[in-house]
Amino acid sequence: MRSSGRNSRGSGSGSGGNNYRGAGNRRDEQQPRAGRPRPEERRYDVGGGSQAGPGPKAGPKGGSQGGPKGGPKGGAAKSGAPKGVGGRGRKPNAPARPREYEAQMEERNRARHDKPRVALPKTFGEVEGERLQKVLARAGMGSRRACEELIDQARVEVNGKIVTEQGLRVDPEKDEIKVDGLTVATQSYLFFALNKPAGVVSTMEDPDGRQCLGDYVTNRETRLFHVGRLDTETEGIILLTNHGELAHRLTHPRYGVKKTYLAAIQGPLPRDLGKRLKSGIELEDGYARADHFRVVQNTGKNYLVEVSLHEGRKHIVRRMLAEAGFPVDKLVRTAFGPIALGDQKSGWLRRMTNTEVGMLMREVDL
């Protein structure tokens, strides 16, 4: 009895078997589907026609032949066509739309979405300018939080007016921004200080192929030019920038920007040498006067003297000392206005700080 029970339960192909859990049963062939028909049995009306397609069964809600459930109002109540076939949201018996009409509808939809953008008022549109603290931070004055503290301390002014509130928007290209009275270089200007070695020509390009200033500023985004000149054998600081107005004023006699030099000469030196240089030395092109003179170092007959003057004539320091009877063995420019050479090595190029740029601009009333 047990063996016959097992056989009856294990037979999946027998006509009287009721076990549908086996892998080899024929459940789909024996039991009719109570729900919707199998996917391969569905038929769709292409083009919105009212007649069901060929086959033993109609769609799930289609005609009345062979379906387990008829439509609510007969075979032509609803079409089994998917959306997009024969039109969107149309009745099944409606005629197909011409292609020209579809194209016109598409053009109207595009025209509706391609309307020109309405210019909104500034109150609702994009606000012009940048926040002041963001401009200061980009200019190197510190973090945004530090720049906000500068504004709270009333140390920032825009176009001559002290700013005390946060969030002020400015135009970096037009507005004049100062911190502690010094102009902040917010525009796309570049300022460099080079310690020019001896033997370098003070030009950006040399047709004879000699080493020049342009060799130290290659691969720059904008063209730079030098502020003033130094003799080929003279070493020291020389400024490079793309700010034309600043460069012009720094070299113009009207503003009298002072330059400082260290000169190596042979002694002994008379006590009245500084007085003679300050009172004026007559040269071929007129008198030349020094603003300041002092002896820095003395070792035997070797003297190192410092000379400051605001004139910028060619070989002015060498000519003055030679006319006084003391030819120069070596000459180094140690300062250009408020910018000092410091411990910058020979041949090194450095970018000037915003404080230095501000001091230069104040020197020439910019």
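Every heavy atom of this structure was used, including side-chain atoms; hydrogens, water molecules and symmetry mates were not.
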Next on the checklist: Using side chain to side chain contact (heavy atoms under 4.5 Å, CB included), reason through I238 and R333 one step at a time and then give a plain yes or no.
Outcome noted: CA-CA 8 Å; I238 187 168; R333 183 160 69 184; 4.0 Å; yes
Item to check | Candidate pair E235 and L331, rule side chain to side chain contact (heavy atoms under 4.5 Å, CB included), full reasoning | outcome: CA-CA 6 Å; E235 307 175 25; L331 187 64; over 6 Å; no
Next on the checklist: Evaluate L273 against V295 for side chain to side chain contact (heavy atoms under 4.5 Å, CB included), listing each step before the verdict.
Outcome noted: CA-CA 10 Å; L273 178 59; V295 177; over 6 Å; no
Next on the checklist: E157 vs K178, test: salt bridge (charged side-chain N to carboxylate O under 4.0 Å, His left out). Steps then yes/no.
Outcome noted: CA-CA 5 Å; E157 58 181 278; K178 293 184 178 181; 5.2 Å; no
Item to check | Derivation of the salt bridge (charged side-chain N to carboxylate O under 4.0 Å, His left out) call for R254 and D365 | outcome: CA-CA 11 Å; R254 172 187 174 185; D365 300 333; over 6 Å; no
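Among L168, V179, V156, the single residue meeting the side chain to side chain contact (heavy atoms under 4.5 Å, CB included) criterion with I151 is V156. Of the listed residues (K259, H310, K258, K278), just one forms a side-chain hydrogen bond (donor to acceptor under 3.5 Å, both in side chains) with D291, and that residue is H310. For the side chain to side chain contact (heavy atoms under 4.5 Å, CB included) test with T234, the passing option among H315, R229, K330, R318 is R318; the others fail.
Heavy-atom neighbours of D272 CG from other residues, nucleotides or ligands within 6.0 Å: above the threshold of 12. Counting non-hydrogen atoms of neighbouring residues, nucleotides and ligands closer than 6.0 angstrom, the CD atom of E205 reaches no more than 12 such neighbours.
In this model, no donor atom of one side chain and acceptor atom of the other lie less than 3.5 Å apart for N302 and Q297. If you check the side chains of R131 and Q133, you find no donor sitting under 3.5 Å from an acceptor. Using modelled atom types, one finds no donor on one side chain facing an acceptor on the other under 3.5 Å when comparing T334 with T260. Checked by atom type, the side-chain pair Y216/Q211 shows a donor-acceptor distance below 3.5 Å.
Contact check for H243 versus M361: side-chain heavy atoms found under the 4.5 Å cut-off. Residues F336 and L341 have side chains not in contact (no heavy-atom distance under 4.5 Å, counting atoms from C-beta outward). Under the 4.5 Å side-chain criterion, counting only non-hydrogen atoms from C-beta, P172 is in contact with E130. When side chains are defined from C-beta on, K134 counts as touching R144, because their heavy atoms get closer than 4.5 Å. Residues V217 and M204 form a side-chain contact, since some pair of their non-hydrogen atoms from C-beta on lies under 4.5 Å apart. Within the 4.5 Å cutoff, no side-chain heavy atoms of V201 are placed close to those of L213. Residues T241 and F192 have side chains not in contact (no heavy-atom distance under 4.5 Å, counting atoms from C-beta outward). Between F326 and P270, the closest side-chain pair of non-hydrogen atoms falls below 4.5 Å.
The CG atom of L240 lies 12.5 Å from the CZ atom of R351; values are rounded to the nearest 0.5 Å. Interatomic distance, CG of L239 versus CD1 of I339, reported as 7.0 Å (0.5 Å rounding). With rounding to the nearest 0.5 Å, the separation of CG in L246 from OH in Y189 is 9.5 Å. With rounding to the nearest 0.5 angstrom, the CD atom of E176 is 13.5 Å from the CG atom of D171. I281 contributes atom CD1, which lies 9.0 Å from atom OH of Y287 (distance to the nearest 0.5 angstrom). To the nearest 0.5 Å, atom CG of residue L360 and atom CZ of residue R249 are 13.0 Å apart.
Looking only at distances, a side-chain donor or acceptor of D206 sits under 3.5 Å from a matching main-chain atom of D208. With hydrogens and angles ignored, the 3.5 Å screen pairs no side-chain donor or acceptor of E102 with any backbone N or O of E106. In this structure, Q266 contributes its side chain and Y303 its backbone to no donor-acceptor pair below 3.5 Å. A distance-only check finds a donor-acceptor pair linking the side chain of Q344 to the backbone of A193 [under 3.5 Å]. The closest donor-acceptor contact from the side chain of K196 to the backbone of V200 lies under 3.5 Å. Of the possible polar contacts, none joining the E323 side chain to the M320 backbone as a donor-acceptor pair under 3.5 Å is found. Within the 3.5 Å criterion, the main-chain N or O of L230 finds a donor-acceptor partner in the side chain of S202. Between the side chain of D215 and the backbone N or O of C212, at least one donor-acceptor pair lies under 3.5 Å. Looking only at distances, a side-chain donor or acceptor of N195 sits under 3.5 Å from a matching main-chain atom of K345. Side-chain atoms of N298 come within 3.5 Å of backbone atoms of G300 as a donor-acceptor pair (strictly under, hydrogens ignored).
Across every non-hydrogen atom of L194 and W348, the tightest pair is CD1-O, 3.4 Å. Listed here is the closest heavy atom pair of V332 and G236: CG1-CA, 4.0 Å. Between A288 and L283, the closest heavy-atom pair is CB-CD1, 3.7 Å. For P327 against I265, the heavy-atom pair with the smallest separation is O-CG2, 3.6 Å. The nearest pair of heavy atoms linking L321 to A263 is CD1-CB, 3.8 Å. Taking all atoms of both residues into account, the shortest heavy-atom contact from V170 to V135 is CG2-CG2, 4.0 Å.
In summary, R313 and E284 do not engage in a salt bridge, as defined by a charged side-chain N under 4.0 Å from a carboxylate O. D175 and R169 are not joined by a salt bridge, as no carboxylate oxygen comes within less than 4.0 angstrom of a charged side-chain nitrogen.
Grouping the Ile, Leu, Val, Met, Phe, Trp and Tyr side chains by contacts below 4.5 angstrom, directly or via other members, places F225 apart from M352.
Other members of the cluster containing L304 are L262, V296, with ILVMFWY side chains joined at under 4.5 Å, either directly or via other members.
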